[in-house]
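Whatever order the structure lists them in is the order used to number ligands and atoms, beginning at 1.
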Amino acid sequence: MTEQQIRELQGLSSPEARQLQERFGKNELVPEKKESFPRKILQVISEPMFLLLLIAAVIYFILGEPRDGAIMLVFVVGIISIEVIQEWKTDQTLRALKDLSTPKISVLRDGMMQIINSSDLVPGDIMFIAEGVKVPADGTVLKASTLCVDESSLTGESAGVWKVVNGEKAADGELSLDSKEYWRRDYCYAGTLVTQGTGAIRVDQIGPATEYGKIGQEIAAAPDRPTPLEKQTGKLVKLCAGIAAVLFALVGVVTYFNLPDHVGSERVIESILSGITLAMAMIPEEFPVILTVFLSMGAWRLAKKQSLVRRLSSVETLGAVSVLCVDKTGTITMNQMTVRDTWSLNDDGERLIRIMGMGCEPDAYDPMEKAMIAYCEAQGVGRELLFDGELIKEYAFTDQTKMMGHVWQNENELVVAAKGSPERILDVCSLTDQERKVAEHKIREMSQQGLRVIAVGQMVLTGKEEVPDTLPECRLQLCGMVGLADPPRESVKQDIQICNKAGVRVVMITGDNGITASTIARQINMPNCDKIITGDELNQMSEEELREKVKDVSIFSRVIPEHKMRIVKAFKDNGEIVAMTGDGVNDAPALKYADIGIAMGKRGSEVSREAADLVLLDDNFSTIVDTIKDGRRIYDNIRKAVGYVFTIHIPIAFASLLAPFLGISPASLLLLPLHVVLLEVVIDPTCSIVLERQPAERDIMDQPPRNPNEKLLTAKILTKSVLQGLVIFGASFGTYFTILNNHPDQASLARTMALAIILLANLVLVQVNSSNTDSAFRSFAKLIRDKVMWMVNIGTLAGLLLIIYTPLNHLLKLAPLSWKQLILAAALAVVSVGWYEVVKGFKRWKRT
Ligand code: ADP
Ligand code: MG
């Protein structure tokens, strides 16, 4: 759209738009669901953990201990608040992410072209659409330039519809307004896809009032399916709950027989209470929370690093990526072209340059064409010489023909100026055998320097009736060849090396010719850079052949977007997890099919972004590599957190389980329900805050990708967790039992010692388990400037002192510790967890 054309249009002003939005609402199919606050609380309360808590509180009241019941209720409120805050924060994060990735559209507001969120469109707005845009609202066509729209999503009709300007006659003579069809040709519909050209549309209907909206609102609201991780943790929680139910019964019965001196009803109630304590201690209700918090925070951190995750589950898949298929132009290279070399057939350099320029779009936006026009100007062939004639016809570039051209009428001549891939241009040129040989030699020579070679041809016509319908029908005269350099991005070499080490295969896909691609591949040290599969070879291959070939070929040249689908499929059939980049409309299916579809935020089309799982805001290869690394880090941290939760639940659960068997009276138990709740309040935030922030392990990119079928909790992690848990249990329960044995009347003191040990061990444990290789000190040092880390640690310590040394201790059935006892508790805590540092040290030593 030229500025002139924009000026002719009348858009809305910002205040008008605001008013209209108040009246018509947002341009969204389904208004955003806002969960009401009470509903959210209801949701939290209906979790099994809270039901247990509430039952416990009620039992206290029945037992005639309203004070204990009240304290329980306070804790219940505390836990609910933490959960609600956590959920609110997650929602906030996810909403911000969504906002970043919402579709945008150009509109005319306040007399200027602006880019706004499609959801902010209002009736009356003038929007500009172009190839690759998914039309966001219904509206009348005001301007159109070769505007073709794929309306199959609405009409099922797969052929593109050529749009005409409202009130004007269509090229085929049919008056648009008279159309008896339901679907009008002077109108664009929401949900359809612009496949060619540009247009200006006056918005008429938005949101549910559009034809697309009327068809069915369910299209837009695809529910998020549970991710593999969610399913795994769901199973894990269920399993633990099942075991808890069995043990609940066991502990209840044993306690019952331990209390022959209690009266009937009290005996039953006390037994139930012990059972509940155990059940509470056993259910790892933190797991689902860990997942949502880690994944959404991870996505948020990625967004800050220029990589936008559109589906949360992709974050977990990212870490498993084993094959990375990338477009060469713009991702591996900078997409900043310069003309480096020219060669003309008949030594008529000026003619070559002129025809090359005339073959470009006058308002070029393709970096290659920009480079060509810049070169023309540098050689003294200005724009006026190129574009002042009359444009008679355009031959559009297609991925199939890989060439394009224009027919220009100047004062003294009518000429077809064509340019494109040398193979295709030479196909339609008349050349002698000798000339062809020279030309082909020149192509090879330029390609071997890593240049993109473009052939330029012309056809001088005598009259307009001679203009051929299509470019392949032309008989061109070859003018010559142009070689353009598009240097690889600086960091690519290093990134390729990282990928090699990390067991991620990089596959280069390009529309360029094989020699150019292979030269660039050599420049950036890609392995196997002399093995190439061309698009034509691909067409000849069967699925099986391709599957065999892709095992060691990493360069695909002269491919068209449709080939990408086959390439992804071949890799996936070989059991790889494939990430694939794409920017064009035709890339969308392959992006959807790949495990991770990556769209380009800058040069990509709206449709490709919509099909993608990940949008790269800076189109940079390094960002992809960083994102994969972060995916690994996040998954790693989830594992650490799950392992940690498992560990810390063991001393709690065992203490509740063992007590009845040792015949300890219910009043002297190490953990009363109160204390279990207290611990739950601490565990959840500590792990989700501290472990979520852990930086990646140093060797995270020196390992092959994880096996996607591997369980979250492997036997190795489980063994480590159980061992760690048992030692903490030994330290805490041992201390408690010893004190209780010597002084049966000092249950509170015994309990306080044990509780202090567990709480302190918990703090140390998070640090120790922060890294599988680095020492706890190192992990701590890495985050020494992190305020949140300090807050968590100091908060826990302060909380511990508070419940031991203030009057709160009476309420919580605790007793103050002497300094000596406190130091002993701290020492036991450190030793009971610190031993694992020795194991890590040994592992490090063994590796060197
Ligand atoms: P890539 O996948 O590397 O971006 P493209 O699909 O854009 O490659 O282009 C493939 C080939 O088509 C190029 O090597 C070139 O020969 C030809 N080509 C691309 N754009 C143009 C253009 N604007 N004019 C003429 N030929 C072009
Ligand atoms: Mg390209």
Give the atoms of ligand 1, by number and element, whose distance to some non-hydrogen atom of Arg558 is under 4.0 Å.
-> 11 (C), 14 (O), 16 (O)
Which one holds for Val559 and ligand 1: side chain close, backbone close, both close, or neither close, with close meaning a heavy atom under 4.0 Å?
-> neither
Just which atoms of ligand 1 are under 4.0 Å from any heavy atom in Asp366?
-> 23 (N)
Exercise: do Asn513 and Ser447 side chains pair donor with acceptor under 3.5 Å = yes
If we number the atoms of ligand 1 from 1 as shown, the ones under 4.0 Å from a heavy atom of Met404 are 22 (C), 23 (N), 24 (N), 25 (C)
State whether the shortest distance between N or O atoms of Phe397 and N or O atoms of ligand 1 falls below 3.5 angstrom.
-> no
Where is the tightest heavy-atom contact between Val428 and Leu471, given as atom of each residue plus distance?
-> CG1-O, 4.3 Å
Verdict with reasoning, Ser622 to Asp495, per side chain to side chain donor-acceptor pair (under 3.5 Å) | CA-CA 6 Å; Ser622 299; Asp495 293 326; 2.5 Å; yes
Numbered in order shown, the ligand 1 atoms found under 4.0 Å of a heavy atom of Glu369 are 23 (N)
Is Glu440 paired with Lys437 through a side-chain N to carboxylate O contact shorter than 4.0 Å?
-> no
Note: ligand 1 atoms sitting under 4.0 Å from heavy atoms of Ser421 are 16 (O)
Anything under 30° is parallel, anything over 60° is perpendicular, the rest tilted; go ahead and classify Trp408 against Phe387.
-> tilted
Purely on distance, is any nitrogen or oxygen of Asn513 under 3.5 Å from one on ligand 1?
-> no
Answer with yes or no whether the side chains of Glu473 and Thr470 bring together a donor and an acceptor at under 3.5 Å.
-> yes
Should the heavy atoms of other residues, nucleotides or ligands under 6.0 Å from CD of Glu413 be counted, would the total exceed 12?
-> yes
Short list, please: which atoms of ligand 1 are under 4.0 Å from a heavy atom of Ile454?
-> 15 (C), 16 (O)
Is ligand 1 less than 4.0 angstrom away from at least one heavy atom of Asp327?
-> no
Atom NZ of Lys393 with >12 non-hydrogen neighbours under 6.0 angstrom | yes
Just go through Lys402, Arg452, Met368 and tell me whose heavy atom is the nearest to atom 5 (P) of ligand 1.
-> Arg452
Where does Lys419 meet ligand 1, judged by heavy-atom distances below 4.0 Å: at the side chain, the backbone, both, or neither?
-> both
Count the heavy atoms of every other residue, nucleotide or ligand shown that sit under 6.0 Å from NZ of Lys569, and state whether that count exceeds 12.
-> no
Is there a heavy atom of Glu361 sitting under 4.0 angstrom from any atom of ligand 1?
-> no
